[in-house]
Amino acid sequence: YVVFGQFIPVSIGKGLNLAEGIGDYDHEAKFGMPHSDTEMMALEAKWHNRPEYANSFFVPDGIERDRDLTARSFAIMRANPGWFSTVLLRRGAMMLRMERVPAMDQRALSAGREPAPLRIAGDTLSLFQRPFITALFLPLSLAGFIILWRRREQRAFALPLAAGVIYFLVVHSWLHTEYRYVQLIPTIELILATTTVMSIVDRLGRRRINLAKN
């Protein structure tokens, strides 16, 4: 800032993420923001009367264009705080969801092109996947965090896990967030859920030993 008289970004793309994120949730197209990269470049070319903008986000004038998109996006947010608040909540809920990825390509299976062993393997994996749902793992994860927090010697493990989740919920909920960008959250959920399950197993094991002694 001292040398150039302004903050120089080390990367650009924030404005694009903000703008496309608005377009993602603007189903009625009230704000004029598209939700694809190609459409956004074409729109920039039209806004600025610069046909070459339709070829790349970053060349020419990448920094200036990013700042322009950021300013346009924040103007929409300020003018529609209630609507954007619902967007933040919906994005946060999406981050906490366990993704339901098919064990195998369902199009190939439905077409009957897969050999029988692969079909059997796919069905078996699908059965294994079924318990991995948000309704089960989110409560288990919350319980796991409480368990770690109550054990004073293990709080050092609980804090960074919670910090990771809070960071994504607070920061990434503002941006155009694809599920692959926030895969750390389901990973943390699995860690915390495992803590709960192992705590239950440990309690049951101790109870069985006590009963055997008695």
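This is a predicted model, so every value here is computed, not measured.
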Are the side chains of [Y] and [X] in contact, using a 4.5 Å heavy-atom criterion?
X    : Y    : result
R151 : S199 : yes
Y181 : M95  : no
L18  : L69  : no
I22  : W83  : yes
Y167 : L184 : no
E20  : P34  : no
N80  : F31  : yes

Set of residues satisfying ring pair (Phe, Tyr, Trp, His ring centres under 6.0 Å) with respect to H35, sequence neighbours excluded: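 Counting only residues at least two positions away or on another chain, H35 forms no ring pair (Phe, Tyr, Trp, His ring centres under 6.0 Å).
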
W149: partners by ring pair (Phe, Tyr, Trp, His ring centres under 6.0 Å), with sequence neighbours left out: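 Residues passing ring pair (Phe, Tyr, Trp, His ring centres under 6.0 Å) with W149: none at all.
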
Minimal non-hydrogen separation, F137 against P131, with atom names: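 Heavy atoms of F137 and P131 come nearest at CE1-O, 3.5 Å.
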
Non-hydrogen atoms of A156 and P160 that approach each other most closely: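 For A156 versus P160, the nearest heavy atoms are O-CD, 2.9 Å.
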
Grouping I, L, V, M, F, W and Y whenever their side-chain heavy atoms are under 4.5 Å apart, do [X] and [Y] come out in a common cluster?
X    : Y    : answer
L96  : L175 : no
V87  : F168 : no
I191 : F157 : no
M198 : L204 : no
V182 : V171 : yes

Going by salt bridge (charged side-chain N to carboxylate O under 4.0 Å, His left out), name the pairs with one or both residues in [range], residues two or more places apart or in two chains.
range            : result
residues 37-52   : E44-R65, R50-E52, R50-D61
residues 184-203 : D202-R206
residues 76-92   : none

Rounded to the nearest 0.5 Å, what's the gap from [atom1] on [X] to [atom2] on [Y]? Could you check?
X    : Y    : atom1 : atom2 : answer
L16  : M33  : CG    : CE    : 10.0 Å
T70  : K14  : OG1   : NZ    : 3.5 Å
I188 : L161 : CD1   : CG    : 5.5 Å
M41  : L43  : CE    : CG    : 11.5 Å
R155 : L148 : CZ    : CG    : 11.0 Å
I146 : T195 : CD1   : OG1   : 12.0 Å

Check whether [X] reaches the backbone of [Y] with its side chain - one donor and one acceptor, N or O, closer than 3.5 Å.
X    : Y    : value
D66  : G15  : yes
T196 : L140 : yes
T134 : M98  : yes
D68  : E64  : no

Side chain to side chain contact (heavy atoms under 4.5 Å, CB included) partner of F84, chosen from Y25, F74, W174: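 Exactly one candidate clears the test, W174.
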
Transitive ILVMFWY cluster of Y53, excluding itself - 4.5 Å side-chain cut-off: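 Other cluster members: none.
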
